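First the structure, in the form of structure tokens, and then the observations on it.
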Amino acid sequence: MKTFALITTVALSSFAAIGAEATPAQKDATACSDPCCQNNAEGSQCGNSCWLDIETITIEAANGDPIAQYAIAWITDNGTGDTPADPEKAKDMYSKALPGLEKAAKEGNPTACAALAHMYATGKGVEKDPEKAREIMNWCKECADKKAAEKEAAAKDASQDAPAETQPASGM
């Protein structure tokens with residue numbers, strides 16, 4: 001969950017760079033359930049000491065998780081605390097995350113879509129292509145909207161399948 005909170009923060013911060021704003025459905029899809037996080041109207045906000053578990057992210061990245069690979073690349077690119085930024089090293093890391101992010105984005109993963117769009121919008125690990133970034137964000141929005149509609153339909157179906165409350169017969 002801590003990894004998800006980190007990636008969500010990175011991905012949502014990317015929306016401004018691409019010229020898109022997260023929709024309520026996207027914010028809902030990325031809400032953090034970690035007890036240390038505060039969900040509010042803007043989405044999840046997690047304290048640095050809580051959500052930045054670099055060891056976990058590093059292990060997941062080494063095991064091939066493309067979103068964790070993207071997170072490590074972003075952290076390397078921007079630096080954290082006592083660790084200085086290393087954009088040159090980050091380039092290779094972004095490139096390594098690219099195939100997995102493309103696959104996850106095609107499967108409708110909104111975090112992967114946002115990460116991929118950020119890469120194209122800023123030219124991180126790929127040739128800069130703002131138009132492709134917008135296309136990816138539109139795809140991301142469609143996926144998030146579809147998932148929100150599916151959740152809404154499932155909730156509606158569940159409420160219709162619930163047994164109806166019986167009303168006491170009035171004897172008078």
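No experiment lies behind these values; they were computed from the predicted model shown.
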Please name the pair of heavy atoms, one in [X] and one in [Y], separated by the smallest distance, quoted to 0.1 Å.
{"X": "A68", "Y": "E60", "answer": "CB-CB, 3.7 Å"}
{"X": "A114", "Y": "C140", "answer": "N-SG, 4.4 Å"}
{"X": "A73", "Y": "A90", "answer": "O-CB, 3.5 Å"}
{"X": "A133", "Y": "A117", "answer": "CB-O, 3.4 Å"}
{"X": "A61", "Y": "I72", "answer": "CB-CG1, 3.9 Å"}

Exercise. Does K103 have any salt bridge (charged side-chain N to carboxylate O under 4.0 Å, His left out) partners at least two apart in sequence or in another chain, and if so, which?
Worked result: E107

Problem set entry | Any residue meeting salt bridge (charged side-chain N to carboxylate O under 4.0 Å, His left out) with E55, in chain and number order, not counting sequence neighbours | none

Could you give the distance from [atom1] ([X]) to [atom2] ([Y]), rounded to the nearest 0.5 Å?
{"X": "H118", "Y": "L116", "atom1": "NE2", "atom2": "CG", "result": "11.5 Å"}
{"X": "K124", "Y": "L98", "atom1": "NZ", "atom2": "CG", "result": "15.0 Å"}
{"X": "D86", "Y": "M93", "atom1": "CG", "atom2": "CE", "result": "8.5 Å"}
{"X": "N138", "Y": "E135", "atom1": "CG", "atom2": "CD", "result": "8.0 Å"}
{"X": "I59", "Y": "D65", "atom1": "CD1", "atom2": "CG", "result": "12.0 Å"}
{"X": "I57", "Y": "I75", "atom1": "CD1", "atom2": "CD1", "result": "4.5 Å"}

For this session: Please list, chain by chain and in numerical order, all residues satisfying side chain to side chain contact (heavy atoms under 4.5 Å, CB included) with S95, sequence neighbours excluded.
Result: none

For this session: Please name all residues satisfying side chain to side chain contact (heavy atoms under 4.5 Å, CB included) with P87, sequence neighbours left out, ordered by chain then number.
Result: D77, A85

Seminar exercise, completed: residues 86-107 vs ring pair (Phe, Tyr, Trp, His ring centres under 6.0 Å), sequence neighbours excluded, gives Y70-Y94

Problem set entry | Heavy-atom side-chain proximity of T80 to I54 below 4.5 angstrom | no

For this session: Using modelled atom types only, decide if a donor and an acceptor are shared between the side chain of W139 and the backbone of A105 within a distance under 3.5 Å.
Result: yes

Exercise. Is the backbone N or O of G108 less than 3.5 Å from a side-chain atom of K147, with the two atoms forming a donor-acceptor pair by type?
Worked result: yes

Seminar exercise, completed: Taken in chain and number order and not counting sequence neighbours, the residues that satisfy side-chain hydrogen bond (donor to acceptor under 3.5 Å, both in side chains) with K96 are none

